[in-house]
Amino acid sequence: MGLAVIRVVPRDNALVPVGMGAFLRVASAARPPSNAFALKPSLSDADSKSLEGSPMKSLSGAQIRNLYKQFFAERGHLVFPSASLVPRDDPTLLWINAGMAPLKPYFDGREIPEKPRIVSSQKCIRTNDIENVGHTARHQTFFEMLGNFSFGDYFKQDAIAWAWDFLTRYLEFSPERLSVTVHVEDDEAYELWNKNVGLPSERIFRGTEDNFWEIGEGPCGPCSEIFYDRGEEYGCGSETCQPGCDCDRFLEVWNLVFTQYNKEPDGSYTPLPKRNIDTGMGLERVASILQDVPNNFETDLFRPLMDETSRLCGVPYPESSSDASHHTSKAADFKIIADHIRTVTFAIGDGVLPGNEGRSYIIRRLLRRAVRSGKRLGIEKPFLHGLVPIVDEIMGEDYPDIREKREFIMRVVRLEEERFHETLSEGEALLMRVLEGLTETGQSLSGEDAFRLYDTYGFPIDITEEIAAEQGVTVDREAFERELDAQRERARNARQTAEGMNALRGALENLTTKSQFVGYHDFEAQSVVTALVRDGVEVQELKAGEEGELLLDKTPFYAQSGGQIADRGTLSGDGVTVLVEDVSKAPHGQNLHHVRIESGVLLRGQHVLAKVDKSLRQDTTKNHTATHLLHKALREVLGTHVAQAGSLVEPERLRFDFSHFGPVHDDELREVERRVNEAIWRDDVVEIFETDLDKAKALGAMALFGEKYGNRVRVVKAGDYSIELCGGCHVTSTGQIGMFCITAETGIGSGVRRIEAVTGKGAYLYVKEREALLAEAASQLKTNPAELPARISRLQEEMQKQRSELESATARLHKNRAGELVRDVQDVGGIPVLSASLKDLSAPEMRNLVDQLKVLLPPSIIVLASATSDKVAWVVSVAPELQKRGLHAGELVKRLAPMTGGKGGGRADMAQAGGNDVGGISKAVAEVPRLVKEAAADA
RNA sequence: GGGGGAUUAGCUCAGCGGGAGAGCACCGCGCUGGCAGCGCGGGGGUCAGGGGUUCAAAUCCCCUAUCCUCCA
């Protein structure tokens, strides 16, 4: 235990701020007092700890998480709940991979945050270094990032002071063990660490690329990393070992990014008018230090998972040692399982189901890797689903999504585990078949074959090698890797890279005048034009024919949001008419009207009558309320795993995307449709009110993942049936929707289904159209719609009967005809040859006839030609006995077909051909004996 | 987002340009003391759907749907 020995200086507890008391009461009230860890950094506590020889207090992961949030909440930060792992409105990201990722709109100026200071504990997924997981102390695919953020508010000084304060006095890190890096040119940060904090200069290192944070164009800046020295025994022993070294000695616990520049397209850096702070601290790392364990996996955030795995496989977790081989032993499999099940649990909790593309595929792959680790530990049956409740016990308190969906997540994991076991046994059978051929010749398994097994059948390469080795066969691993690389290259080339953020600037960002939305109740308003923008520049007027954007002091126009599309309508005023074509949200939240001036000139400050197209709006509200009813009905019928994955509400129709495995069956679809219509028939009152988020959640309101809500939320409640948070426009009672019809159900990606539906007038038109179709079909069959199914079955029966009658009739006919044809057999040099020209027989019919003839004739050659109005068909048969004499049906037909303008071919015993020159048949048929004679002579 | 594959009888699958097949299951007849009993006969198919190429498509090409699988 090097830590205890090196410990130098006791903490000065007198420095603990006075405000701590109030904060601590909050913190401890949030957690049961029976908790083993004391939050309070009191003197006595510290002393008792120090007597035990630990320099710090030991805190659970949950305690660190909450302590961090509370610390910054006390310093004016808004506590931001962890966003969904699935990025919202950000196609450049596969997963939320950093604490700042969900806040990108605030960083680039698209949106203005409610408060300029934010603190969060953000769940993140990173799979770039997936191969390292389990083999190092700290690589993980799922982790929690603690971060504090400033948007144009505090900057370096506070960020650095608070970071130091939190680490040394709240987490009680020994200051002697901390060192930092700053950017070579960032003297400001250096001074702050050196002078304000008092960090000696030998523990401030200056770096270059590692200390500058940028992604392509956009906001960027220098950063300062804080390292914790775990002691020499964790080090690589190298003389140059210092913060930033790859080994485990100096652990980077916190990165403070000072966003102060904007990288321009030409590569230059210009200072940002609003500077930001973006910090990130890895929760698991900090926990490993505080809990004095050698790697992240032995903290309380993972350990119960590994203990349960150990119980299941009956293998003890190899207790850690400083021996580097620890990471390559069985311990790695325990760690892989613990890591991957956390990722999978949280991802499924956020609506990502295992599948074959995108995020879904990553989840599938992680799950399979975990299954294989389990196999290496001797677990042969599905077990991962049993770890889900443990993930919930560890983190469900702070991440309610996984607690609520626990049963569902277990079900999904279990199904996927079972499916993989199936894949494995199928692949094994396939591999054995391939190997059979190889063991005899002593060849090795080609890389192509190994890759095919891997790529097409999902059979892991290491298992292929293992089984092949058992059969004494080696695998061409090099060729396999080449194939894999080629595949990677293909995928990479297909990917269009669009990363980074773009700092949005211009007139829109400076539009701060308020605008009131009155459209929930009014379709019209007397308004004043408060701002005009053309081509991103504020202007005083817009003339006829021009397009631009404008703000109104109050507006009845709804801006596109929450799936509901924007209103359209007009503005009219003194000599001016304006078309409102679209409405969006400006950075400061006002409704921004995209307009075209129809006639006249629109001036800033002008009074206008703003008028929404009422008919379109009313159709839209019907579809919107119906969308809520549909959401609820889907959850009732299919299960609560159904989560909205997208929504479009237009006047004409609605579209609703949601997570669900597999197609929705017809009967389920009918049930969903019926339940929505029942809600319409009940004519429930739709209540809309504002309340605070907690109250709304207590009422059971559905909120969307990744959606940001302020403290005041708007609740839309349709009777006792549906209750959702929503800012959209709705009918006042469900009866107004009139009718609800589902028009389509399709899949739009793995685990995501789409339902399209119509209501009101749209539903009426839809039903009428269907009705007309039915009437048309009925009239064609000379019946009425009610009798249609019976009529169709009768027709089918009749057809079946006629078909078999026809068959037996033609069979009789063939028999007769065969009897007649037999008489035409000629003897060609001792070979019986029958060649005949027929009429209106199809190829299958002629084959049938040939079969009849073969029964009646001795081994012979049969050549039949048939003429239809414009085509010729040939069938040639050669008895097996005659094939030995060099006669070949395929060759024969190749000679004959050209004489009727066609071609053909086939096997030695049976061949077919076609043609289009009906006139040539008789001559060709007459040629048969000569051709046979020739062929027989050649042989 | 980009690849590789699958879809054929109730089930498991073969066939991969030229007569739609096997095993199991099912029905009938006969044999048979047990193990998945045996033999003979039979019914059952829009070869996923749609378009194309070809004299000819289950088979080759394109599109759609569903599923499996790999890569980012």
Side-chain angles (χ1 to χ4, degrees), chain A residues 91-95 127-128 130 354-362 364-365 368 416 419-420 422-427 429-430 433 448-461 480-481 483-499 661-665 744-751 753 796 799-800 803-804 842-852 854 862 864-868 870-877 888-890 892-894 896-918 920:
Chain A
T92 65
L93 276 182
L94 207 49
W95 300 102
T127 55
N128 319 26
I130 188 169
N356 57 348
E357 52 187 19
R359 295 178 192 99
S360 296
Y361 179 62
I362 292 175
R364 166 166 289 171
R365 197 163 53 161
R368 293 185 168 193
E416 185 64 19
R419 197 179 328 201
F420 185 47
E422 234 168 79
T423 298
L424 285 180
S425 57
E426 276 169 20
L430 219 64
R433 230 178 298 163
E448 287 76 16
D449 278 341
F451 186 73
R452 191 170 48 85
L453 272 163
Y454 170 77
D455 184 46
T456 303
Y457 299 98
F459 202 66
I461 181 68
F480 173 85
E481 298 291 345
E483 297 282 333
L484 192 61
D485 276 344
Q487 153 117 306
R488 284 211 180 96
E489 196 53 38
R490 278 198 298 274
R492 239 196 307 275
N493 289 341
R495 193 171 180 226
Q496 72 264 40
T497 42
E499 277 186 9
F661 41 85
V664 184
H665 298 114
E745 190 275 339
T746 51
I748 56 161
S750 189
R753 307 298 300 183
Q796 282 173 332
M799 270 172 58
Q800 182 70 39
R803 196 182 302 152
S804 61
S842 66
E845 284 172 323
M846 284 203 294
R847 285 197 301 261
N848 200 304
L849 187 54
V850 166
D851 284 341
Q852 302 269 359
K854 279 200 278 195
I862 303 165
L864 298 181
S866 166
T868 54
D870 58 339
K871 279 193 172 173
V872 183
W874 289 94
V875 173
V876 176
S877 162
H888 191 283
L892 193 51
V893 87
K894 274 183 196 163
L896 291 166
M899 300 186 219
T900 55
K903 46 190 173 170
R907 302 189 307 261
D909 65 318
M910 176 73 178
Q912 293 172 56
N916 46 30
D917 178 13
V918 180

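The sequence lines fix the lettering, A, B, ..., with proteins before strands; numbering per chain opens at 1.
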Would you kindly compare Gly915(A) and Val850(A) by the position of their nearest RNA chain B nucleotide and give the one closer to the 5′ end? Val850(A)
For Ala913(A), which contact category applies under a 4.0 Å heavy-atom criterion: base, sugar-phosphate, or nothing? base
How is Gly458(A) classified with respect to the nucleic acid when contacts are heavy atoms under 4.0 Å: base, sugar-phosphate, or nothing? sugar-phosphate
Is there a side-chain contact between Met910(A) and Val875(A) (heavy atoms, below 4.5 Å)? yes
Measure from CE on Met899(A) to P on C55(B) and round the result to the nearest Å. 18 Å
Distance test, side-chain N/O of Arg488(A) to OP1/OP2 of C70(B), below 4.0 Å: no
Rounded C1' spacing from C70(B) to A36(B) in Å: 39 Å
Please confirm whether the shortest side-chain N or O distance from Arg365(A) to OP1 or OP2 of A72(B) is below 4.0 Å. yes
Base, sugar-phosphate, or nothing: which does Lys854(A) touch, judged by heavy atoms less than 4.0 Å apart? base
Let me know the distance between CD of Glu416(A) and C1' of C67(B), rounded to the nearest Å. 13 Å
By the 4.0 Å heavy-atom rule, please label Arg452(A) as base, sugar-phosphate, or nothing. nothing
Counting only side-chain nitrogens and oxygens, does Tyr457(A) get under 4.0 Å of the OP1 or OP2 atom of C70(B)? no
side-chain hydrogen bond (donor to acceptor under 3.5 Å, both in side chains) involving Glu483(A) - partner list, sequence neighbours excluded: none
Atom CD1 of Ile130(A) and atom C1' of C70(B): how far apart are they, to the nearest Å? 14 Å
Flag side-chain contact, heavy atom, 4.5 Å: Arg359(A) against Leu94(A): yes
Minimum-distance nucleotide to Gln487(A) side chain [options: C70(B), U54(B), G5(B)]: C70(B)
Side-chain donor/acceptor of Asp455(A) to base of G5(B), under 3.5 Å: no
Nearest of U69(B), A56(B), C70(B) to any side-chain atom of Tyr361(A)? C70(B)
Between G21(B) and G45(B), how far is it from one P atom to the other, in whole Å? 14 Å
Using the P atom as the reference point in each nucleotide, state the distance between G2(B) and U64(B) in Å, no decimals. 11 Å
Whole-angstrom distance between G44(B) and C27(B), as gauged at atom C1': 10 Å
What is the distance, to the nearest angstrom, from the CG atom on Asp917(A) to the P atom on C55(B)? 14 Å
Contact class for Phe459(A) (heavy atom, under 4.0 Å): base, sugar-phosphate, or nothing? nothing
Among C70(B), C55(B), G18(B), the one nearest Lys903(A) by side-chain distance: C55(B)
Using a 4.0 Å heavy-atom cut-off, does Arg847(A) contact any base of the nucleic acid, only the sugar-phosphate backbone, or nothing at all? base
Taking N or O atoms only and anything under 3.5 Å, show me the protein contacts with nucleotides 59-65 of chain B, one pair per line.
none

Nearest-angstrom distance, P atom, G3(B) to C61(B): 15 Å
